[in-house]
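We name chains A, B, ... by the order of the sequence lines, and we start the count at 1 in each one. Note that this is a predicted model, so its numbers are computed, not measured.
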2 protein chains.
Amino acid sequence: MAASNRQEIRTLAEQVFAQLQDDIVLGVLKPGTRLGEAELASRYGVSRGPLREAIRRLESRKLLQREPHVGARVASLTTDDLVEIYRVREALEGMAARLAAQHMTESEVQGLHDVLSQHEQQQDIKEDTAYFQREGDLDFHYRIIQGSHNQTLIDLLIGELYHLVRMYRYQFSAVTNRPQKALAEHRRIVEAIESGDGDLAEMLMRRHISRARENIELQTQNDSTNT
Amino acid sequence: MAASNRQEIRTLAEQVFAQLQDDIVLGVLKPGTRLGEAELASRYGVSRGPLREAIRRLESRKLLQREPHVGARVASLTTDDLVEIYRVREALEGMAARLAAQHMTESEVQGLHDVLSQHEQQQDIKEDTAYFQREGDLDFHYRIIQGSHNQTLIDLLIGELYHLVRMYRYQFSAVTNRPQKALAEHRRIVEAIESGDGDLAEMLMRRHISRARENIELQTQNDSTNT
DNA sequence: TCAAGATAGATTGTAGACAATATGCGGGTG
DNA sequence: CACCCGCATATTGTCTACAATCTATCTTGA
């Protein structure tokens with residue numbers, strides 16, 4: 001539902017790539033797991049050729065780590081890695097918000113409002129906050145990124161970086177402990193985009209992501225002191 | 001010399017990957033060229049296995065475009081693509097400059113000064129401005145990116161984006177028509193980094209790259225009106 | 001002239017074999 | 001007892017050959 005297989009898949013190598021990626025992101029294959037080629041080949045019902053091509057592509061997306069003559073392992077993200085990623089997100093999504101304020105069409109802005117009101121309802125019904133905190137939050141960010149109409153930016157964020165963010169969320173069942181504030185920030189970002197204020201949109205988006213990063217850093221401190 | 005093969009290369013697939021990448025970036029293989037698998041395999045003296053893995057990795061770096069059952073072509077960059085890339089550079093290198101101001105070591109700052117004075121001398125000797133306008137300029141940017149000490153950021157910029165920038169420069173023999181101003185901007189960026197002013201460093205870097213982008217956009221307009 | 005089918009060419013997928021290398025175990029030595 | 005060296009094993013890396021599939025072109029017929 002969220003955003004997994006965007007384009008039509010035709011070759012076996014691409015199928016294996018998509019399946020293996022999902023299995024890694026969703027946690028079916030746990031971080032650190034050794035991935036033997038023979039084992040994977042039989043698991044997905046293909047030969048080693050297409051499998052190795054899929055592995056190469058997943059390696060360049062940092063979803064698995066490879067070492068020559070040793071093999072591949074499912075990437076295991078540390079919190080430091082995630083903090084690094086959030087710095088990059090801050091820069092790229094800030095730019096995306098700025099460009100979205102300039103280039104978004106009316107229907108795209110309307111779509112933002114739809115997502116927003118959807119989240120507001122789910123906030124009232126407090127039981128299913130998981131949606132907002134997982135893929136729902138990402139839907140909002142996806143739309144703004146797409147709204148930048150900058151294909152390079154879109155590919156970098158959605159094609160490469162976001163899989164790692166999603167993997168982390170599934171790995172640690174990560175939830176934001178400030179859903180109301182986050183939703184309020186989303187609202188103000190949409191207002192800035194709607195009024196075409198690129199400067200403000202970028203600033204608000206950067207703050208929004210920066211706070212999420214600080215939240216991660218804080219939780220890490222608590223974890224280490226409690227342990 | 002500049003920055004081509006950073007890590008030790010052990011497997012054939014990695015060798016082919018590095019060679020093919022260089023051949024594309026440096027223009028040995030011209031944009032749009034069809035790359036038959038059999039032809040490439042004999043060209044580099046390997047079989048199709050390692051070759052196909054190299055092709056997959058180059059595809060995810062956007063150095064070549066592939067179509068299933070048709071084949072691969074050397075990517076041909078349009079000016080619009082480059083403008084998109086410069087928007088991303090503005091965001092990412094702005095962040096890199098901010099982080100560099102916070103995290104660069106003394107010796108790294110010294111290295112920046114060295115590059116700077118090197119460029120100043122080459123400016124006086126006006127004959128060989130090509131160095132500054134090509135790899136020399138990139139050296140400066142590379143150092144600041146490395147100075148961010150954010151490996152995710154470094155990988156994205158140097159590992160993925162910069163090959164495209166370099167390819168474009170070789171493709172069009174692109175030169176900046178404002179070398180003095182660019183050098184002055186470099187100087188002020190180093191000052192901001194040295195004084196630990198992350199806000200200023202980011203702002204100056206963003207302006208610097210933004211002006212380079214405007215320069216590209218202007219040249220494109222002239223080209224189209226003259227043609 | 002246009003459209004549908006056949007053919008040629010290429011790429012993609014598969015299988016099997018061998019070479020190259022890392023890992024882990026066991027024995028020997030200080 | 002600890003450490004180092006060498007060997008066996010398993011896995012990855014590579015190559016060859018062939019089958020399957022798709023694309024594009026050419027031919028043929030209406």
Side-chain angles (χ1 to χ4, degrees), chain A residues 5-24 28-76 159, chain B residues 5-24 28-76 159:
Chain A
N5 308 334
R6 54 223 168 280
Q7 63 177 355
E8 196 179 351
I9 292 174
R10 305 157 89 177
T11 70
L12 258 188
E14 287 174 43
Q15 286 181 40
V16 176
F17 170 73
Q19 287 181 22
L20 193 48
Q21 172 168 264
D22 279 354
D23 285 347
I24 291 175
V28 178
L29 296 170
K30 303 237 178 315
T33 307
R34 263 197 100 272
L35 299 175
E37 292 187 358
E39 175 195 355
L40 282 183
S42 67
R43 175 186 172 92
Y44 295 106
V46 298
S47 65
R48 281 174 60 204
L51 181 74
R52 287 172 62 90
E53 294 180 21
I55 287 179
R56 288 285 186 184
R57 287 178 63 183
L58 290 171
E59 182 194 6
S60 51
R61 288 194 176 181
K62 301 199 189 311
L63 286 174
L64 55 82
Q65 297 159 348
R66 239 176 36 88
E67 209 175 340
H69 300 284
V70 175
R73 291 181 172 281
V74 178
S76 59
Chain B
N5 308 334
R6 55 225 166 280
Q7 62 178 358
E8 195 180 351
I9 292 171
R10 303 156 90 177
T11 69
L12 257 187
E14 288 176 42
Q15 287 180 39
V16 175
F17 170 72
Q19 287 181 22
L20 192 48
Q21 173 168 264
D22 280 353
D23 285 347
I24 292 175
V28 178
L29 296 170
K30 303 240 178 311
T33 307
R34 267 197 95 276
L35 298 176
E37 292 189 357
E39 175 195 354
L40 282 184
S42 68
R43 176 186 172 88
Y44 296 106
V46 297
S47 67
R48 280 176 46 218
L51 182 74
R52 286 172 64 88
E53 294 180 20
I55 287 178
R56 289 284 185 184
R57 287 177 62 183
L58 289 171
E59 182 193 6
S60 48
R61 288 194 178 179
K62 301 198 187 309
L63 285 174
L64 56 83
Q65 299 159 346
R66 236 175 38 87
E67 209 174 342
H69 300 283
V70 175
R73 292 182 172 282
V74 178
S76 59

> What is the distance, rounded to the nearest whole Å, between atom CD of Glu53(A) and atom P of dT12(C)?
8 Å
> Check Asp23(A) with Arg43(A), please: is the shortest side-chain N to carboxylate O separation under 4.0 Å?
yes
> Side chain of Arg48(A), base of dG13(C): donor and acceptor closer than 3.5 Å?
no
> When you check the phosphate oxygens OP1 and OP2 of dT12(C), does a side-chain N or O of Arg66(B) lie under 4.0 Å from one of them?
yes
> With respect to the side chain of His69(A), which nucleotide from dG13(D), dC15(D), dG13(C) is positioned closest?
dG13(D)
> Counting distance only, does the side-chain N/O of Arg73(B) pair as donor-acceptor with the main-chain N or O of Gly32(B) below 3.5 Å?
yes
> What integer distance in Å separates Gln15(B):CD from dT14(D):P?
9 Å
> What's the closest nucleotide to the side chain of Leu12(B) if the choices are dT11(C), dT11(D), dT14(D)?
dT14(D)
> Please give me the minimum heavy-atom distance between Ala75(B) and Pro31(B), naming the atom from each residue.
O-CB, 3.6 Å
> Just to confirm, is there a sub-4.0 Å distance from OP1 or OP2 of dT11(C) to any side-chain nitrogen or oxygen of Thr11(A)?
no
> Measure from CD1 on Ile55(B) to P on dT11(C) and round the result to the nearest Å.
9 Å
> Please compare Val46(A) and Glu67(A) by the position of their nearest nucleotide in DNA chain C and report the one closer to 5'.
Val46(A)
> Round to a whole Å and report the spacing from CG of Leu64(A) to P of dT12(D).
12 Å
> Quick one: are Gln21(B) and Leu63(B) in side-chain contact, heavy atoms under 4.5 Å?
yes
> Send over the distance from Leu40(A) CG to dG13(D) P, rounded to a whole Å.
13 Å
> Quick one: label Glu37(A) by what it contacts on the DNA or RNA (base, sugar-phosphate, nothing), any heavy atom closer than 4.0 Å.
sugar-phosphate
> Just how far, in rounded Å, is P of dA10(C) from CZ of Arg52(B)?
15 Å
> Starting the side chain at C-beta, find the nucleotide from dT16(D), dT23(D), dA15(C) nearest to Ser47(B).
dT16(D)
> Mind calculating the distance between CG (Leu51(B)) and P (dT11(C)) to the nearest angstrom?
10 Å
> Looking at Glu53(A) and Ala13(A), what are the two nearest heavy atoms and their distance?
OE1-CB, 3.8 Å
> How is Leu35(A) classified with respect to the nucleic acid when contacts are heavy atoms under 4.0 Å: base, sugar-phosphate, or nothing?
sugar-phosphate
> Can you check the Glu14(B) CD to dT21(C) C1' distance for me, whole Å?
14 Å
